[in-house]
Each structure stands twice: as structure tokens, then as C-alpha cells.
Engineer: 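Have a look at this one before I ask anything.
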Amino acid sequence: MLRKRTKIRDYQAESRLFASRAIVAFLGIVVMMGLLVANLYNIQVNQYQDYKTRSNDNRIKVVPIAPNRGLIYDRNGILLAENRPVFSLEITPEKIKDMDDTIARLQDILEITPEQVERFQKERRQTRRFKSVPILTQLTEEQVAKFSVNQHKFPGVAVNASLKRYYPYGEVLTHVIGYVSRINDRDMQRLVREEKDANYQATRDIGKLGIERYYEDLLHGTAGYQEVEVNSRGRIIRVLKYVPPIPGKDLVLNLDIDLQMYVHKLLAGRRGSAVVLDPHDNGVLAMVSSPSYDPNAFVHGISGKAYRALLNDKNRPLVNRATLGIYPPASTIKPMMAVAALTEGVITPNTTRNDPGYWKIPNSKTKPFRDWLRWGHGKVDVIKSIEESVDTFYYQVAYDMGIDRISQWMMMFGFGDYTGIDIHEESKANMPTRDWKMARHRTPWYQGDTIPVGIGQGYWTATPMQLAKATSVLVNHGKVIAPHLLRATIDNGADFTTNSMAEIVTYPPITGVKDRYWDIAIEGMRLVNHGRKGTARRAFADAPYMTAGKSGTAQVFGLGEDEEYNADEIAEHLRDHALYTGFAPLDDPKLIVTVVLENAGGGSSNGAPVARKVFDRVLVEKNIVKNKEE
């Protein structure tokens with residue numbers, strides 16, 4: 001009986017324990033269910049907008065659309081840079097399981113070089129996986145056909161059409177227009193720094209040189225985009241929103257392509273450059289640097305071998321000699337020196353000096369400075385000193401003026417500074433000063449350093465563009481205008497005549513110079529071309545129009561006191577540079593021509609004939625002189 005009661009008590013205890021545990025478990029379930037419901041409510045109601053956005057991000061993608069690049073025309077509406085459709089073979093990395101195998105199989109049906117594969121792999125590492133990367137560009141019709149037949153074997157690989165830059169005049173305009181090429185790391189860093197990278201999400205090319213680089217913001221335009229709905233495989237189902245890109249502006253240059261091609265032909269591959277300006281506004285009518293190269297090779301990616309060949313070419317075709325070529329300006333600066341000396345009172349219009357063929361620093365035992373004419377020019381005034389290019393006259397001028405006044409005056413003419421031309425590839429060259437020599441050579445300026453500066457030698461260097469600009473200052477009696485390539489801009493698709501003219505940049509004019517002094521310098525330049533003893537008279541014999549100019553012969557290396565210059569006995573690269581700058585017609589100048597030919601010899605015998613042909617091309621063949629007479 002006792003045992004039975006004990007069992008009953010144990011059973012009742014177990015029943016209570018089970019009931020309490022069941023209640024606790026039920027309460028736990030209720031709490032957990034409450035938490036689950038609360039969490040579901042929080043997700044479905046409170047965080048609805050956040051998760052909806054995330055869902056849309058997975059379902060909706062924003063695809064950037066590259067704008068069409070603006071076109072470039074010459075002043076007469078002739079197309080200089082256009083966009084042509086090309087086909088490229090592109091791979092989308094996220095759709096490829098085995099990239100190496102895919103590339104190997106592509107090489108079996110198409111010619112893909114290791115260099116092209118390496119370029120593809122490099123760009124692939126810098127590109128998002130869902131964006132396609134080109135492995136072959138400029139596909140021929142045969143290559144397109146070959147791939148199309150085998151396309152089913154290559155998921156994630158496709159032939160895409162796009163617009164690519166094309167330069168129909170090739171090497172004739174390379175140093176003016178420049179070119180576009182693939183955006184590299186340095187370009188992207190700059191775009192990020194300037195906060196422009198968002199506008200280049202769909203763009204692969206960017207301006208690298210010349211006009212293409214300088215006016216990149218105008219030419220590129222504004223990117224558009226489209227919002228698209230995609231499935232789980234990333235395939236586009238439908239377009240939800242489309243914002244069209246805004247094409248870049250078309251540019252009209254001051255260049256005359258007919259004249260540009262003619263000047264390029266005149267140089268005929270010789271090392272040198274020629275600049276033609278319109279003196280009314282310093283618009284660049286032609287700017288040729290020779291030799292040159294075809295920019296179209298860079299648009300699609302030049303091979304390493306071809307690029308090394310350009311880099312190692314001793315003639316340096318990559319250098320724009322018109323703005324980066326640095327030469328002693330030689331005697332071409334004598335008219336500017338004459339204006340400065342007249343204004344400073346160092347000489348007067350009536351000053352005369354005897355030239356025995358040499359000049360010595362007074363009370364000095366240094367060797368004499370020789371004139372180019374060994375037996376001298378006899379009695380010389382300022383006009384004759386320009387006409388016959390008398391060195392000794394300007395040795396004395398330099399001695400009397402001193403380097404401080406010379407450098408101050410020549411800087412006003414634009415030497416030693418950027419000309420303001422609208423391309424980035426330009427050198428300041430060097431207008432020497434005392435401070436410059438101390439900083440550069442750690443030695444003071446000596447009196448003997450000043451003398452050769454008086455004839456454009458010594459430490460003085462200039463670019464052809466600087467010399468052309470300085471000539472325009474003479475023509476315009478002190479008005480200083482920046483040379484410029486851009487003439488006008490046009491909205492994409494608008495009529496050529498509906499353009500917006502570019503602003504002309506001017507600098508503070510040279511003031512305090514009497515008109516008479518400008519006229520004296522110009523009269524000396526007229527006699528250079530048409531005087532009885534003018535240094536360039538042979539080049540301008542029988543010209544049906546009147547001109548003015550100044551030749552120069554820049555010494556490349558120094559001669560000993562008793563040595564004679566003989567071009568036939570020295571290495572070609574040590575021969576003198578030929579320089580010439582001038583303008584025509586004399587009474588109403590229509591153009592300024594500046595020519596520099598490297599290691600060509602005398603400026604009057606080599607540079608002036610080139611300028612004469614350019615004058616004839618514009619003034620005679622286009623009937624400008626004839627129309628004026630009528």
C-alpha cells in the first residue's frame with residue numbers, strides 16, 4: 001500500500017514537472033514567434049524602402065552611354081578630324097568561365113598577337129567585370145565573317161560597332177590636331193582629381209596631344225545613360241529610362257588645309273618647321289613641323305615596335321618643332337633690338353658706325369667678336385644694319401644697353417615665355433637674365449655674355465612660334481596678340497555658318513615707342529628683301545608685291561678665332577640653322593611667315609625661298625595682290 005502511494009506521488013510530481021516544462025516551452029515558442037513576427041514586420045514595413053532599393057539594384061542597372069566626339073574643321077569647312085564606324089571583337093569577363101581557353105580558341109580562328117593579348121589583359125584588370133573589353137580592333141570584313149560563323153562557340157564574346165576617330169590628312173596635321181587614344185592610368189587619375197571621371201564611364205578614348213587634348217572638354221560632350229531591367233543572368237529585359245548623351249561641340253580652326261598641305265610639301269621631310277599667321281588677329285593659318293608621323297596609328301593602339309621606332313628616330317618626328325623646337329633666334333631679332341635701342345636712346349635714327357668686320361669690348365684684351373662679312377660693311381646706320389644684317393652694329397647696341405634692358409625689352413616681345421597658343425605642347429625657350437645664369441650655371445653674368453645676345457646668339461633661345469609672334473608685334477606697332485588655332489565652335493549638327501567665334505587673347509601692348517621707330521625697323525626689313533644689298537634680295541627678286549623680312553643663321557657650335565666655317569667639312573648635325581621671318585604685302589599685311597630649317601645653312605639662301613613660295617601661294621595664286629590692284 002505504501003509502495004502504491006509512493007508511485008502515485010512520483011507520477012503526480014512528474015506530471016507537474018512536465019506541465020511546467022510544457023508551459024515554459026510554449027511561452028518560449030510564443031516569445032520566439034513574437035520576435036519573428038516583429039522582425040518580419042521590421043523587414044517588411046520599417047525597412048521596406050531599403051530592401052526595395054537593394055532589390056532594384058540587383059534588378060536594375062544604369063548603363064552609361066558615351067557621347068559622340070565633336071568634329072574638327074578648317075576655316076573653309078573642310079573636315080580635319082571625323083568619327084568613322086569600326087568593328088571590334090570584345091569580351092565580357094563575367095560571362096567567361098575560362099579566359100585563357102577562350103583566348104586560345106579565338107587565336108585558332110583569328111590572328112591575335114601576344115602583344116594584343118597583353119594589352120587586353122591589362123585593360124581587363126582596370127575594367128569592371130560586367131563591361132566588355134576589346135581584344136581586337138579594326139576588324140576586316142573577313143575577320144567579322146570568320147567570327148560570325150563560330151560565334152555560337154564563344155558565349156561572352158561579340159563583335160561590336162563603334163565610332164573611332166580618323167584623321168584624313170594624317171601626318172600633315174599631327175602636331176596641330178594631335179590625336180585621341182586609349183584612356184590610361186594617368187588619364188584616369190587626372191579625371192578623378194578634376195572630378196570628371198563620371199563623364200568618362202562609357203568613354204574609352206581621350207585627347208592626348210594638340211587640339212584634341214587642349215579642347216577635350218568641348219570635344220567630348222556629356223555622357224548619357226539608360227536604366228535597364230536585367231534577369232538573373234544579367235541579360236537586359238527592358239529599358240526603363242533613357243537619357244541621351246549630349247555630343248561634343250564641333251570646332252572650326254583658323255587653319256587653311258590647302259596652305260597647310262602646301263607648306264608641308266615645301267619642307268619635304270626636312271627637319272624644321274614653318275608658321276603662318278594672320279597678323280590681324282594672329283590666327284594660325286598653317287603650322288608645320290617636319291618630319292611628322294601618322295596619328296591614326298595611335299587611335300587604335302600603336303605597337304610597341306612601331307612606337308620605339310618613332311622614339312629612336314634621330315630626326316625626332318614626335319617633337320612639334322614649331323612650339324617645342326628651341327633655337328638661337330640669330331639675326332631675325334635685329335629689328336626688335338633696333339626698336340628697343342631707339343626707344344632707350346642708345347642709338348638715334350641718325351646714328352652711324354664704321355664696321356671693319358670685327359668689334360672688341362672697349363679697354364679689354366678679350367678676342368674680337370667677328371662680323372659675318374669678314375671685311376666689314378663700312379659706314380652703317382640703323383636701317384642699313386638691318387638690311388645687311390651687320391653684327392658689329394648690334395654688338396655695340398648690346399654693350400650699351402646691357403643684359404637687363406635687353407631681356408626686359410625682348411620679354412615684352414614675347415621671348416622667354418609661352419606665346420599663349422592653344423595647345424599644351426610648348427616651350428618657353430630662354431631669354432637670359434642675370435638671375436637665370438646664376439640659378440642655372442652658378443656663375444655671375446659677365447659683360448662678354450651680353451655681346452652675342454645682341455645678335456640672337458649666346459644663351460638666348462626661341463621657338464619658331466615665339467619668333468612669329470614677335471614679328472606680329474612689329475607689324476602691329478606694339479600690339480601683342482596670342483597666336484590661336486581655334487576660330488569658332490559649332491553645336492553638334494548645326495549649320496557651319498552658325499558658329500560662335502572664339503575669344504582672341506591679348507597682352508599688355510608695348511607702349512612709349514614712337515611710330516617712327518617701328519617704321520624704321522620695318523623699312524630695314526623691306527630692304528632685306530628688296531634692297532640693293534639686302535640679305536634676302538635674291539629670294540624676292542621680281543616679286544609682284546612688296547614684302548619685309550629678316551633672315552638669320554643660327555650657329556650650332558663655336559669656331560676658334562682662326563677657324564673658317566665650311567659646311568662641307570663638318571658633320572651635318574653641326575651645321576648652321578637657317579631662319580627667316582617676314583610679312584606681306586608691305587602696306588596691308590595679310591600673312592606672317594616664319595621658317596626654321598635645321599642644319600640647312602644660311603637663312604637668306606635656304607629659309608627665305610621657302611617663305612617666298614608661301615607668299616606666292618597666298619598672294620599670287622589666290623589673286624589677293626591682283627584684286628588689290630584692280
Side-chain angles (χ1 to χ4, degrees), residues 172 256 258-277 279 285-292 321-322 325 327-335 372-373 386-389 456 464-465 467-468 471 524-556 565 567-568 572 575-586 589-622 624-625:
V172 175
D256 182 331
D258 176 70
L259 182 61
Q260 177 83 6
M261 292 177 68
Y262 180 74
V263 176
H264 182 268
K265 185 178 179 181
L266 284 178
L267 296 187
R270 290 184 288 180
R271 294 192 307 276
S273 63
V275 175
V276 183
L277 301 182
L285 303 176
M287 185 177 81
V288 175
S289 176
S290 177
S292 186
R321 285 171 161 83
Y327 314 91
S331 295
T332 58
I333 52 81
K334 287 175 181 175
W372 70 269
L373 190 62
I386 298 173
E387 175 188 1
E388 299 184 28
S389 197
M465 187 60 72
L467 190 53
T471 305
M525 295 175 72
R526 181 189 72 82
L527 292 174
V528 166
N529 292 350
H530 304 285
R532 187 171 60 87
K533 293 186 177 181
T535 54
R537 64 188 183 280
R538 290 184 178 88
F540 289 90
D542 303 322
Y545 48 86
M546 195 62 66
T547 66
K550 187 69 191 78
S551 59
T553 303
Q555 189 174 319
V556 176
Y565 176 83
D568 295 331
E572 193 267 348
R575 296 173 188 168
D576 294 340
H577 299 319
L579 296 87
Y580 179 87
T581 187
F583 59 91
L586 179 67
K590 294 290 191 298
L591 66 161
I592 293 169
V593 178
T594 299
V595 179
V596 177
L597 300 177
E598 294 181 8
N599 311 118
S604 58
S605 56
N606 295 281
V610 174
R612 165 68 191 275
K613 291 177 180 177
V614 176
F615 288 141
D616 284 349
R617 178 76 172 188
V618 176
L619 302 179
V620 178
E621 295 184 27
K622 294 189 177 182
I624 291 178
V625 174

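Side-chain atoms are counted along with the backbone in the values below, which use heavy atoms only and exclude waters and symmetry mates.
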Engineer: Which residues pass the side chain to side chain contact (heavy atoms under 4.5 Å, CB included) test with S289, not counting sequence neighbours?
Structural biologist: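 Once residues adjacent in sequence are excluded, the partners of S289 under the side chain to side chain contact (heavy atoms under 4.5 Å, CB included) criterion are H175, N320, R321.
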
Engineer: Tell me, please, which residues at least two apart from Y327 pass ring pair (Phe, Tyr, Trp, His ring centres under 6.0 Å).
Structural biologist: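 Result, ring pair (Phe, Tyr, Trp, His ring centres under 6.0 Å) vs Y327: H577.
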
Engineer: Heavy atoms, side chains only, cut-off 4.5 Å: are I386 and V528 in contact?
Structural biologist: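 Contact flag for I386/V528 side chains = yes.
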
Engineer: For residues 546-556, which residue pairs pass the salt bridge (Lys or Arg N to Asp or Glu O under 4.0 Å) check, not counting sequence neighbours?
Structural biologist: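 Counting only pairs at least two positions apart or across chains, no salt bridge (Lys or Arg N to Asp or Glu O under 4.0 Å) contact touches residues 546-556.
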
Engineer: Can you tell me how far the CG atom of L467 sits from the CD1 atom of I333, to the nearest 0.5 Å?
Structural biologist: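 That separation rounds to 9.5 Å.
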
Engineer: R612 side chain to A541 main-chain N or O, any donor-acceptor pair under 3.5 Å?
Structural biologist: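 Yes, R612 side chain to A541 backbone: donor-acceptor pair under 3.5 Å.
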
Engineer: Heavy atoms only: give me the nearest L267-A274 pair and the separation to one decimal.
Structural biologist: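 Smallest heavy-atom distance, with atoms named: CD1-N, 4.2 Å.
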
Engineer: Suppose we screen for salt bridge (charged side-chain N to carboxylate O under 4.0 Å, His left out). Which residues come up paired with E387, at least two apart in sequence or across chains?
Structural biologist: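 In terms of salt bridge (charged side-chain N to carboxylate O under 4.0 Å, His left out), with neighbours along the sequence ignored, E387 is linked to no residue.
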
Engineer: Side chain to side chain donor-acceptor pair (under 3.5 Å) with Q260: which residues, sequence neighbours excluded?
Structural biologist: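 Testing Q260 for side chain to side chain donor-acceptor pair (under 3.5 Å), a comparison that skips the adjacent residues, returns none.
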
Engineer: Nearest 0.5 Å, please: how far is CZ in F540 from CG in D616?
Structural biologist: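 CZ of F540 is found 8.5 Å from CG of D616.
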
Engineer: Please identify each residue that fulfils side chain to side chain contact (heavy atoms under 4.5 Å, CB included) with L259, with sequence neighbours left out.
Structural biologist: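 Scan of L259 (side chain to side chain contact (heavy atoms under 4.5 Å, CB included), adjacent residues dropped) gives D256, V263, V276, L285, A286, V614, R617, V618.
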
Engineer: Would the distance check show the side chain of K590 and the main-chain N or O of L619 forming a donor-acceptor pair, the cut-off being under 3.5 Å?
Structural biologist: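 Looks like no, no N/O pair under 3.5 Å.
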
Engineer: Just to verify, what does K613 make a side chain to side chain contact (heavy atoms under 4.5 Å, CB included) with, not counting sequence neighbours?
Structural biologist: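 Partners of K613 under the side chain to side chain contact (heavy atoms under 4.5 Å, CB included) test: Y262, L266.
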
Engineer: Nearest 0.5 Å, please: how far is CZ in R537 from CG in L527?
Structural biologist: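 Interatomic distance, L527 CG to R537 CZ, rounded to 0.5 Å: 11.5 Å.
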
Engineer: State, to 0.1 Å, how close A548 and L586 come at their nearest heavy-atom pair, and which atoms those are.
Structural biologist: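 Heavy atoms of A548 and L586 come nearest at CB-CD1, 3.8 Å.
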
Engineer: Write down the atom of A322, the atom of V275, and the distance for their closest heavy-atom approach.
Structural biologist: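 Closest approach of A322 to V275: CB-CG2, 4.0 Å.
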
Engineer: Distance-only, no hydrogens or angles: does the S290 side chain make a donor-acceptor pair with backbone N or O of R270 under 3.5 Å?
Structural biologist: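 Yes, the answer is positive, given that a donor and an acceptor are paired below the 3.5 Å cut-off.
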
Engineer: Which heavy atom in P464 sits nearest to a heavy atom in G325, and how many Å separate them?
Structural biologist: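 Closest approach of P464 to G325: CD-O, 3.5 Å.
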
Engineer: Residues two or more places apart in sequence or in another chain: which of them pass side chain to side chain donor-acceptor pair (under 3.5 Å) with H264?
Structural biologist: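 Once residues adjacent in sequence are excluded, H264 has no partner under the side chain to side chain donor-acceptor pair (under 3.5 Å) criterion.
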
Engineer: Evaluate the side-chain proximity of W372 to S389: yes if any heavy-atom separation is below 4.5 Å, no if none is.
Structural biologist: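 Yes, at least one pair of side-chain atoms sits under 4.5 Å.
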
Engineer: CD of E598 to OG of S273: how many Å apart, nearest 0.5 Å?
Structural biologist: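 E598 atom CD to S273 atom OG measures 8.0 Å (nearest 0.5 Å).
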
Engineer: Enter the distance from M525:CE to T471:OG1 here, rounded to the nearest 0.5 Å.
Structural biologist: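 Here the interatomic distance stands at 5.5 Å.
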
Engineer: Look up atom CG in L579 and atom CG in N606, then write down how far apart they are to the nearest 0.5 Å.
Structural biologist: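 With rounding to 0.5 Å, CG (L579) is 11.0 Å from CG (N606).
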
Engineer: Less than 3.5 Å apart, any donor N or O on the side chain of T332 or T581 sitting next to an acceptor on the other?
Structural biologist: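 The criterion, which ignores hydrogens and geometry beyond distance, is not satisfied for T581 and T332.
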
Engineer: Of all residues at least two apart in sequence or in a different chain, which pass the side chain to side chain contact (heavy atoms under 4.5 Å, CB included) check with S551?
Structural biologist: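 If we apply the side chain to side chain contact (heavy atoms under 4.5 Å, CB included) test to S551, skipping adjacent residues, the hits are T535, Y580, S604.
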
Engineer: Which heavy atom of P328 sits nearest to which heavy atom of A554, and what is that distance?
Structural biologist: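 Minimum heavy-atom separation between P328 and A554: O-CB, 3.4 Å.
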
